S.K.: 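Below: one structure in structure tokens.
Lettering follows sequence order; numbering is per chain, from 1. Being a predicted model, the structure only gives us computed values, none of them experimental.
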Amino acid sequence: MDRQSADLVMVFKTNIRTEGDVHCVSGMLNAQQHITEWSVDTEDVDCVLRVLSCKVQCHDVIKLVGLHGYECTELEY
Amino acid sequence: MRTRDLVKEELVRQKTVELVVEEGLDNFSVNKLAKTCGISVATLYIYYKDKDDLIVKVAIEEAKKSSARMVKGLDPELSFAEGLKKQWKNRIKEMKDFPEVVNFFEQVRASKYQEKVFPVFEDALRDKLGKFWTNAIKRGELAEMPVEVYWSIAFAPLYNLIRFHREGRSLANKPFKMTEAVLWQTFDLAVKALKK
């Protein structure tokens with residue numbers, strides 16, 4: 001899906017630390033049709049999860065990631 | 001909607017170069033960069049997906065600026081010797097004025113980012129340098145030769161002198177400092193070797 005101009009960038013601190021962890025959450029994040037793009041920077045100390053969407057809200061992402069047993073808190077700008 | 005802050009973007013590029021030079025590409029992280037810039041981690045992630053994306057984007061911007069400086073004032077109609085001299089001067093100026101950028105690109109060249117970044121230099125330089133080269137051949141000043149042969153004679157001697165100068169030593173540990181006389185003697189010999 002291409003990035004939409006109305007998309008908001010949401011940024012979270014997580015403990016999605018390894019490629020294996022990324023694999024664990026990828027199925028559920030890919031399945032969200034309103035998420036345009038997502039990525040995890042496993043090289044960063046905060047294992048930052050970045051989500052682009054025009055409909056999904058921060059608390060939705062936190063809940064989804066939490067359901068898979070990972071910590072996820074919103075990073076303040 | 002958050003607006004783009006151009007001053008901050010410039011600061012991010014400058015600090016990325018500094019951090020990579022100081023700590024190496026492996027030790028660089030978006031978190032460290034945010035602290036150095038005094039901005040939040042989240043702000044950086046608005047513009048960049050991750051560390052790789054940030055380094056590639058910053059390096060591409062720096063490559064565009066650096067290549068523009070390298071061909072600054074180079075008129076493709078200049079005689080071969082004059083045109084090559086201008087390029088030597090630009091390259092020396094780049095090393096003197098932007099040593100950190102030069103250092104940064106040395107690290108990028110030896111990394112996985114190389115293939116995404118170096119084509120930017122080639123694209124930016126191809127037009128002007130290509131014209132200059134073709135003109136010199138057309139005028140009969142320069143023999144036709146593979147580009148690798150050309151580069152090895154036209155620029156490698158300069159970079160070797162710079163290496164000696166930076167290390168402060170030449171062969172057999174002999175102290176060395178590049179002087180104008182040594183520089184332009186080398187240049188004259190390179191031109192002599194290349195000219196038809």
S.K.: Give every residue pair that meets the salt bridge (charged side-chain N to carboxylate O under 4.0 Å, His left out) criterion with at least one member in residues 45-56 of chain B, sequence neighbours excluded.
M.R.: E43(A)-K51(B), D52(B)-K112(B), D53(B)-K57(B)
S.K.: Show every salt bridge (charged side-chain N to carboxylate O under 4.0 Å, His left out) that has at least one partner inside residues 24-34 of chain B, sequence neighbours left out.
M.R.: E23(B)-K32(B)
S.K.: Tell me, side chain or backbone of E74(A) under 4.5 Å from chain B's heavy atoms, or both, or neither?
M.R.: neither
S.K.: Taking atom CD of E144(B) as the centre, report whether more than 12 heavy atoms of other residues, nucleotides or ligands fall under 6.0 Å from it.
M.R.: no
S.K.: Could you state the interatomic distance from OH (Y45(B)) to CG (D41(A)), rounded to the nearest 0.5 Å?
M.R.: 3.5 Å
S.K.: Within a 6.0 Å radius of atom CD on Q114(B), are there more than 12 heavy atoms belonging to other residues, nucleotides or ligands?
M.R.: yes
S.K.: Is the backbone of V30(B) close enough, under 3.5 Å, to the side chain of D44(A) for a donor and an acceptor to pair up by distance?
M.R.: yes
